Amino acid sequence: MTTAFAPYDLGRTRLPNRIVMAPMTRSRAYGAAQSPTDLMATYYAQRASAGLIVTEGTQPSVVGQGYPDTPGIHSAEQIAGWRKVTDAVHAEGGVIFLQLMHTGRVGHPSLMGLTPVGPSAVTAKGQVYTHDGPQDFVTPRELTDTETQETIADFASAARNAIEAGFDGVELHGANGYLIHQFLAPNTNRRTDAWGGSPERRIRFAVETAKAVADAIGADRVGFRISPGNPHNDIDESDRTDLDATYTALVDALAPLGLAYLHQLEIAGTRDLLVQLRKAWPGAFVLNPFTGTEPTGADALNLIEDGTADLIAYGALFLANPDLPARLAVGGPFNTPDRATSFGGDHRGYTDYPTLA
């Protein structure tokens with residue numbers, strides 16, 4: 001029987017276990033440069049016992065930023081900042097991938113001095129947090145065909161920067177209502193050109209981005225995250241026929257590329273689609289399972305033993321338990337995350353959680 005504590009060969013990298021630290025925004029890249037800090041290096045190094053760390057979402061370009069104090073990977077200073085992080089993690093024996101997250105229409109001009117962009121000029125309902133507090137979403141500027149191609153090139157350039165910064169690979173964020181997801185969803189992608197319309201055309205941006213990044217750094221260094229049916233950031237994928245067709249087409253198109261893994265954030269009511277996509281995916285399958293209102297716990301490791309997934313990703317528990325694999329191995333106890341310190345702040349609720357030792 002395969003267990004979560006057995007090693008796993010992921011692309012060109014051997015993982016010490018099958019427990020993944022999920023990507024989680026922490027908003028602690030302070031300063032105009034949006035560059036990683038020494039405190040961030042400490043935070044990730046503390047969690048190096050994960051089989052794989054996937055970093056917080058990191059913008060591949062200036063216009064890709066959607067939240068305050070999130071890090072970028074498009075400048076020399078940011079590359080140098082991330083090198084401190086990767087060096088610290090590798091010194092502790094860890095493996096770390098950078099998540100590339102272009103937030104698309106999710107953002108505000110006050111954050112980066114630019115109007116957010118998206119596949120279509122459709123305003124998201126709700127508000128986004130800025131340095132001046134919550135503000136209503138603005139109408140994004142629709143990307144032209146040329147700009148869409150340039151955005152794909154930005155992802156590829158950011159991936160090359162990530163490898164220069166010492167990362168073992170990158171994960172493309174195609175979930176949670178951000179740019180790649182916006183191209184996939186019919187309510188945010190209302191284009192009638194080659195980038196929109198049918199499921200086969202709506203997946204084009206995701207597939208072309210994956211191809212470009214794979215060509216830039218090697219397919220075995222590239223992961224791809226999805227969250228079918230996720231309503232976050234005003235995404236509407238409630239048409240189940242369209243949902244199934246879109247993600248089946250996406251996985252079928254990504255499968256031949258030889259990517260390192262597919263990472264699915266499970267949404268309530270989509271386990272049947274998850275099983276279908278898992279069967280269709282030829283490589284490593286990472287699952288961030290839906291567990292209701294409680295954080296993913298030790299019981300989720302059974303999903304590795306029964307073959308539902310190859311690796312299990314943990315979010316909330318990794319916030320408060322830097323030594324989470326050791327705690328899972330003995331069934332706890334688990335520190336409780338302080339939600340008030342999730343975004344922004346100093347070391348409190350970030351690097352001061354105790355280990356079992």
Side-chain angles (χ1 to χ4, degrees), residues 2-26 28 36 39-58 71 82 84-99 162 165-171 173 221-223 225 260-265 284-289 291 295-305 309-335 337 342 349-357:
T2 300
T3 75
F5 304 100
Y8 188 82
D9 291 324
L10 184 74
R12 65 183 70 183
T13 307
R14 187 165 180 82
L15 308 182
N17 60 64
R18 301 171 184 229
I19 298 166
V20 178
M21 177 177 167
M24 293 173 285
T25 295
R26 302 306 306 270
R28 282 172 166 86
L39 187 63
M40 290 170 62
T42 298
Y43 168 75
Y44 283 112
Q46 287 177 340
R47 289 153 178 80
S49 64
L52 170 66
I53 294 172
V54 183
T55 72
E56 59 210 279
T58 301
W82 277 119
K84 295 180 181 179
V85 174
T86 60
D87 283 350
V89 170
H90 290 150
E92 296 295 329
V95 179
I96 184 167
F97 274 40
L98 178 78
Q99 190 190 63
F167 283 98
D168 299 294
V170 302
E171 177 180 282
H173 198 348
R221 284 175 161 169
V222 182
R225 195 177 209 220
Y261 63 83
L262 181 69
H263 182 181
Q264 183 163 346
L265 171 62
F285 187 80
V286 183
L287 176 60
N288 197 168
T291 56
T296 304
D299 289 349
L301 298 180
N302 295 331
L303 296 170
I304 295 175
E305 295 176 1
D310 297 305
L311 303 98
I312 295 293
Y314 286 85
L317 280 187
F318 254 122
L319 293 180
N321 299 276
D323 56 345
L324 183 59
R327 291 175 183 269
L328 289 170
V330 297
F334 301 104
N335 300 322
S342 291
Y350 190 55
T351 59
D352 61 348
Y353 287 106
T355 63
L356 284 175

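Note: hydrogens, waters and symmetry copies are ignored here, and every other heavy atom, side chains too, is used. Computed from a predicted model, the values in this text were never measured in an experiment.
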Compute the centroid of each ring, for Phe97 and then for Tyr261, and state whether the two points are separated by less than 6.0 Å. yes
Heavy-atom closest contact (Leu287 atom, Ala309 atom, distance): CB-CB, 3.6 Å
Can you list the steps and then say if Glu56 with Arg28 is a side chain to side chain contact (heavy atoms under 4.5 Å, CB included)? CA-CA 10 Å; Glu56 59 210 279; Arg28 282 172 166 86; over 6 Å; no
Any Leu356 side-chain heavy atom under 4.5 Å of Pro333 side chain: yes
Give me the atom names and distance for the closest heavy-atom approach of Ala284 to Tyr8. CB-OH, 3.2 Å
Which pair of heavy atoms, one from Pro36 and one from Val85, lies closest together, and at what distance? CB-CG2, 4.1 Å
How long is the span from the NZ atom in Lys84 to the CE atom in Met40, to the nearest 0.5 Å? 11.5 Å
Is there side-chain contact between Ile96 and Met21, with heavy atoms separated by less than 4.5 Å? no
Determine whether Arg47 and Leu324 satisfy the following criterion, side chain to side chain contact (heavy atoms under 4.5 Å, CB included), listing intermediate values before the conclusion. CA-CA 8 Å; Arg47 289 153 178 80; Leu324 183 59; over 6 Å; no
Is the shortest heavy-atom distance from the side chain of Asp168 to the side chain of His90 under 4.5 Å? yes
Close side-chain approach of Pro23 to Arg225, heavy-atom, < 4.5 Å: yes
Sub-3.5 Å donor-acceptor pair from the side chain of Thr351 to the main-chain atoms of Tyr43, do we have one? no
Shortest non-hydrogen contact from His263 toward Ala313: NE2-CB, 3.6 Å
To the nearest 0.5 Å, how far apart are CZ in Arg221 and CG in Leu98? 13.0 Å
Backbone N or O of Phe285 within a donor-acceptor pair of the Asp310 side chain at under 3.5 Å? yes
What verdict does the side chain to side chain contact (heavy atoms under 4.5 Å, CB included) test give for Thr42 and Tyr350, after you've listed the backbone C-alpha separation in whole Å, the side-chain angles of each residue and the deciding distance to 0.1 Å? CA-CA 9 Å; Thr42 298; Tyr350 190 55; over 6 Å; no
To the nearest 0.5 Å, what is the distance between CD1 (Ile53) and CZ (Phe318)? 7.0 Å
Pairwise distance CG(Asn17) to CZ(Phe5) - rounded to 0.5 angstrom: 7.5 Å
In this structure, CG of Leu10 is separated from CG of Leu311 (nearest 0.5 Å) by 6.5 Å
Exercise: identify the closest heavy-atom pair between Thr355 and Pro322: CG2-CG, 3.9 Å
Non-hydrogen atoms of Pro16 and Gly51 that approach each other most closely: CD-O, 3.7 Å
Give a yes or no on whether the backbone of Ser342 and the side-chain of Arg26 come within a donor-acceptor separation of less than 3.5 Å. yes
Begin from the C-alpha positions of Arg327 and Asn335 and carry the test side chain to side chain contact (heavy atoms under 4.5 Å, CB included) through to its verdict. CA-CA 10 Å; Arg327 291 175 183 269; Asn335 300 322; 3.4 Å; yes
How many angstroms lie between atom OH of Tyr314 and atom CG of Leu328, to the nearest 0.5 angstrom? 4.5 Å
